[in-house]
Each structure stands twice: as C-alpha cells, then as structure tokens.
Participant: 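Below is the structure I would like to discuss, written out as structure tokens.
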Amino acid sequence: WLIFLMNYLITWINSLPFAVYDGISLPVLEMIIIYVSVFCIVDWLKNKTGKALIASLCAFLLLLIMHDFTTWQTTSQQKMIVYNVPKYSAIDFSNGVSYQFVGDSSLLSDGMLQNFHLKPGRIQNHFAKQVTLIDNLSITDNLINYHGKKILLVNTHGWQPAGERIKIDVIIISKNPRVSIQQLNKTFQCQTFVFDASNSLWKIGQWTKECEQLHLRCHSVSTQGAFVMD
C-alpha cells in the first residue's frame, strides 16, 4: 500500500500544471561535462583565473558537439521496440522523433502504465511525436512491413504449414497462443522469435527450449528486457 501511495503521489504531482519539465534525456558523460563546466565557471568567478574560463568554454563546446551528434542520430533513427509491460503487448515503430504505437489500446488510456513502462524508453530514444501512420510502415492483418523488414505478430491459435516456407525477419508471439515453435518453423523461415510480456512465464520457458533445440534465436521480453531492432 505504501508503494501504491508513492506511485499515486508521483502521478498526481506529474499531472499538476508546470510541476514537471518532461522529455529530458541526459547521458552520464554529458552530465559530467556540465558539472565540470559549472565548477570551472565558479572557479573563474571566484579566483579570476583565465585557465578556468577557457576550460569552461571548451566544456560547453564539447557539450554542443555531443548534443548536435545526438540530434543527428535521433533524426535518422528507425527502430522497433517491444516493451516489457506485464500482461500487455506494446510495440513502438520510430522514424526520427515520430513513432507509431502497435499493441493493446488500453495502454493508451492508462497514464500510470505509460509513465512507468513506455515513457522512460521513449524519452531515452527522443520519441517526441506520436502519429497514426509513419513512413515506410504497412500493416496487413498480423503482418508488418517496415523498411523491408517483415514482422509477424502471432497471437491466435493454430498455423497450418504452407506449401513453401514464408520468409519472415522477426516473429513476435503474444497473448499465450496455443502454438509451438516447431509448428511455426515449418510454416515460416525465421531466425528470431520474440516473446512479449503478455505471455505466461511457463509458456515462454517452453518456447525457449524449443528454440534451443532448433538452434533458433529467441528473446524473452519478460526476463531479458525490451527487444530493440534498429
């Protein structure tokens, strides 16, 4: 109950106008450079040493260069992130600072789940603008095509083997479907399987053993954290 009260108070403070400045992502190295520049400025103001002023200006210049490099990386990023949200399916596709959400719609209305599970990752990756459709992303039923990568969402029961195996880059399994990796491997030619946090742990353990037997790569979001594909 104390943890619940703490989370409630954090969410309440977050909802107050002008209480929180949002969207800050500060790497450790940039934070160290800011501290160095502040200490050098204080030393210059106190002792009037020219070396301290030069050091602070160099630190600010380095900070600007790092900031510009981060901005360049952000504007050119294209990612798929499968988040670790217990009992939910949550995926972001990003194009620069814009992102499109694919998953359980109930997450869009639950502020607490968004704040604690989705928001930190979005801030870290500088996702600033949610859109309904981003460039180079097409969704047809459970098949997603993004920049030439084919992603299959498996959340239903039963897959019948096709005449010819279909090539897929990533298969994401969610909602505890009654399928086996061996069954999927007969239908799809895929080397990477992702099990999101909406699956039960015993089911994920079962699928992981099957992947090891078939020498296929797998990633459990519940135990290994979010799956990120650039």
Side-chain angles (χ1 to χ4, degrees), residues 2-3 5-47 49-86 88 90-101 103 107 110-131 134 147 170 192 194 196-197 217 219-230:
L2 287 173
I3 293 173
L5 179 62
M6 180 185 70
N7 291 340
Y8 176 80
L9 288 173
I10 290 171
T11 307
W12 176 74
I13 292 171
N14 185 60
S15 65
L16 295 176
F18 307 108
V20 177
Y21 184 80
D22 206 356
I24 299 174
S25 177
L26 190 65
V28 176
L29 183 58
E30 288 187 16
M31 184 190 69
I32 292 172
I33 294 172
I34 290 172
Y35 272 112
V36 169
S37 64
V38 169
F39 282 126
C40 288
I41 289 174
V42 170
D43 183 58
W44 170 64
L45 291 172
K46 185 178 179 181
N47 302 316
T49 53
K51 290 182 179 179
L53 177 61
I54 293 172
S56 65
L57 292 175
C58 289
F60 273 120
L61 180 61
L62 181 59
L63 189 65
L64 287 173
I65 292 172
M66 292 180 66
H67 176 73
D68 289 341
F69 179 72
T70 303
T71 302
W72 172 77
Q73 278 188 319
T74 300
T75 54
S76 60
Q77 69 179 346
Q78 293 158 351
K79 293 183 177 183
M80 179 188 73
I81 302 177
V82 183
Y83 292 100
N84 181 13
V85 186
Y88 289 92
I91 308 170
D92 273 346
F93 292 91
S94 73
N95 191 357
V97 297
S98 301
Y99 67 94
Q100 180 178 342
F101 175 79
L107 280 173
D110 194 318
M112 185 170 288
L113 284 175
Q114 284 201 55
N115 286 337
F116 286 97
H117 295 286
L118 303 181
K119 208 172 195 179
R122 289 170 177 171
I123 291 174
Q124 183 181 0
N125 289 284
H126 303 278
F127 297 168
K129 183 181 178 183
Q130 184 173 358
V131 295
I134 60 176
H147 285 283
V170 179
T192 305
V194 179
D196 73 11
R217 290 191 299 269
H219 183 98
S220 169
V221 173
S222 298
T223 55
Q224 296 174 260
F227 175 80
V228 181
M229 183 176 72
D230 290 313

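Keep in mind that this is a model prediction, so the values were computed, not measured.
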Participant: Taking the side chain as everything from C-beta on, heavy atoms only, tell me whether Thr71 gets closer than 4.5 Å to His126.
Facilitator: no
Participant: Can you confirm whether Asn7 sits close enough to Phe116 that some side-chain heavy atom of one is under 4.5 Å from a side-chain heavy atom of the other?
Facilitator: yes
Participant: Under a 4.5 Å cut-off applied to non-hydrogen side-chain atoms, are Ile134 and Tyr99 in contact?
Facilitator: no
Participant: Is any side-chain heavy atom of Phe101 closer than 4.5 Å to one of Arg122?
Facilitator: yes
Participant: Using the test side chain to side chain contact (heavy atoms under 4.5 Å, CB included), find all partners of Val97 that sit at least two apart in sequence or belong to another chain.
Facilitator: Thr74, Ala128
Participant: Measuring from atom CD of Gln77 to atom OG1 of Thr70, what distance do you get when rounded to the nearest 0.5 angstrom?
Facilitator: 11.0 Å
Participant: Are the side chains of Asn125 and Lys79 in contact, using a 4.5 Å heavy-atom criterion?
Facilitator: yes
Participant: Rounded to the nearest 0.5 Å, what separation is found between the OG atom of Ser98 and the CD atom of Gln78?
Facilitator: 11.5 Å
Participant: Could you grab the distance from atom CE of Met31 to atom CG of Leu26, nearest 0.5 Å is fine?
Facilitator: 7.0 Å
Participant: Please, which pairs that meet side chain to side chain donor-acceptor pair (under 3.5 Å) have at least one residue in residues 34-44, sequence neighbours excluded?
Facilitator: Asp43-Asn47, Asp43-Thr49
Participant: Testing the basics here: between Ser56 and Leu53, what is the closest heavy-atom pair and its distance to 0.1 Å?
Facilitator: OG-O, 2.6 Å
Participant: Please name the pair of heavy atoms, one in Val20 and one in Ile13, separated by the smallest distance, quoted to 0.1 Å.
Facilitator: CG2-O, 4.3 Å
Participant: Tell me, please, which residues at least two apart from Lys51 pass side-chain hydrogen bond (donor to acceptor under 3.5 Å, both in side chains).
Facilitator: none
Participant: Indicate yes or no: at least one non-hydrogen side-chain atom of Asp68 is less than 4.5 angstrom from one of Met66.
Facilitator: no
Participant: Among pairs that include at least one residue of residues 219-230, which meet side chain to side chain donor-acceptor pair (under 3.5 Å), considering only residues two or more places apart or in two chains?
Facilitator: Ser220-Thr223
Participant: What's the spacing between Met229 CE and His147 NE2 if we round to 0.5 Å?
Facilitator: 10.5 Å
Participant: Going by the salt bridge (Lys or Arg N to Asp or Glu O under 4.0 Å) test, which pairs reach into residues 112-121, not counting sequence neighbours?
Facilitator: Asp22-Lys119
Participant: For Leu107 and Ala90, which heavy atoms make the closest approach, and how far apart are they?
Facilitator: CD1-CB, 3.6 Å
Participant: Nearest 0.5 Å, please: how far is CG in Leu57 from CG in Leu62?
Facilitator: 12.5 Å
Participant: Can you tell me which residue pairs pass the ring pair (Phe, Tyr, Trp, His ring centres under 6.0 Å) test with a partner in residues 61-81, sequence neighbours excluded?
Facilitator: Phe69-Trp72
Participant: If we check side chain to side chain contact (heavy atoms under 4.5 Å, CB included) with Leu63, which of these qualifies: Ile33, Val36, Leu29?
Facilitator: Ile33
Participant: Quick check: do Leu113 and Tyr88 have side-chain heavy atoms less than 4.5 Å from each other?
Facilitator: yes
Participant: Determine whether Met80 and Phe227 make a side-chain contact, defined as any pair of heavy atoms from C-beta on separated by less than 4.5 Å.
Facilitator: yes
Participant: Under 3.5 Å, is there a donor-acceptor pair between the side chain of Gln130 and the main chain of Gln100?
Facilitator: no
Participant: Drop me the distance from Ile123's CD1 to Leu118's CG, to the nearest 0.5 angstrom.
Facilitator: 11.0 Å
